[in-house]
Amino acid sequence: MIKLTDYMKAISGVNYTPALDLGSIELDGAYVCDMLSDVMGAAKPKQAWITIMKHLNVIAVASMTGIPVIVLSKGNVPEAGVVDKATEEGIALVSSPLATYDLAGILYQMLKG
Amino acid sequence: MADYWNIAPGMESALKECFTRDVEADVTLEFSIPEKDFNNAGKGSSEVKNLLKRLGVDSEVLRRIAVASYEAEINVAAHSIGGKMTSLIYDDRIHIKFEDKGPGIADIKQAMVPGFSTADDLVREFGFGAGLGLPNIEKNSDALHISSEAGHPTLVEFLIFFT
């Protein structure tokens, strides 16, 4: 397990949900996918969800599935309404300039390297 | 109407009975699901999830209920001309019914095949339409019943036990 805050430093992650306490979130892996039903069928709690999807339903999917953090790749920035919903649902929303491949690779290395 | 059931062998009569006990529910919640309203689809599932969390339902059971219910809500928004979700909560289980106004499922067996989807471009743009909705509902529920036919309303209902 690694701390989300350590992972964020490694990926130059920007926290869009500063009202949430990210210090308590720990990760044991990630799920990488842009199809929402696949995420709901396969992602697990304690996994980061790495995606380029940034609309409102993404927050609902994370909430229903028990995912603690959504990492938006390639510098994708969520709209204000999406940020509000994430804060309300207690889902951390992080954006990184890195591509999905690098985001997953860095997390893999931190966990298993 | 064509009926599809997914019930563990040996449990048929006991569980089918559970689908008919509406009047005995401790709590009943109803939400309408408008056609293609993806911003609001999910509100019913979210409300149910929050209520059950307050009632102390186990978090893994809660996750299964939330996923099955959200998938079904999205299905109604994505594929029907609108419908409603009725959640019936008992002390040991939840029974959630999704009833829409059509246009119905022509071949339910085919709709259950992972990857098969009739979703349109708008639905796919949202990241839905992977053809995994009904399989996810089946995987996460303890009993599933679907009743539909082309040109008719669809009923999707499932049971999930708390322990």
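Sequence lines set the chain letters: A, B, ... in the order given, protein chains first and strands last, and positions in each chain run from 1.
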Taking the side chain as everything from C-beta on, heavy atoms only, tell me whether [X] gets closer than 4.5 Å to [Y].
X: A:Val58; Y: B:Phe126; result: no
X: B:Glu60; Y: A:Pro45; result: no
X: B:Arg63; Y: A:Met64; result: no

- Winner by heavy-atom pair count (cut-off under 4.5 Å) against chain B, out of A:Asn57, A:Asp34, A:Val39: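 It is A:Asn57.
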Determine whether more than 12 heavy atoms belonging to other residues, nucleotides or ligands lie under 6.0 Å from atom [atom1] of [X].
X: B:Phe161; atom1: CZ; answer: yes
X: B:Met11; atom1: CE; answer: no
X: B:Asp26; atom1: CG; answer: yes

- Stepwise side chain to side chain contact (heavy atoms under 4.5 Å, CB included) test for A:Val61 and B:Tyr70: CA-CA 8 Å; A:Val61 167; B:Tyr70 186 58; 3.6 Å; yes
- Within the distance-only criterion (no hydrogens, no angle test), does the side chain of A:Asp38 pair as donor or acceptor with the backbone N or O of B:Leu132 below 3.5 angstrom?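 No.
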- Item | A:Met53 versus chain B, the contacting section by heavy-atom distance below 4.5 Å |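 Looking at A:Met53, just its side chain touches chain B.
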- Query: With only heavy atoms counted, which part of A:Leu36 is less than 4.5 Å from chain B, the side chain, the backbone, both or neither?
  - Reply: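 Both backbone and side chain.
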- Can you say whether B:Glu125 sits under 4.5 Å from chain A via the side chain, the backbone, both, or neither, judging by heavy atoms?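 It is the backbone, since no side chain atom gets that close.
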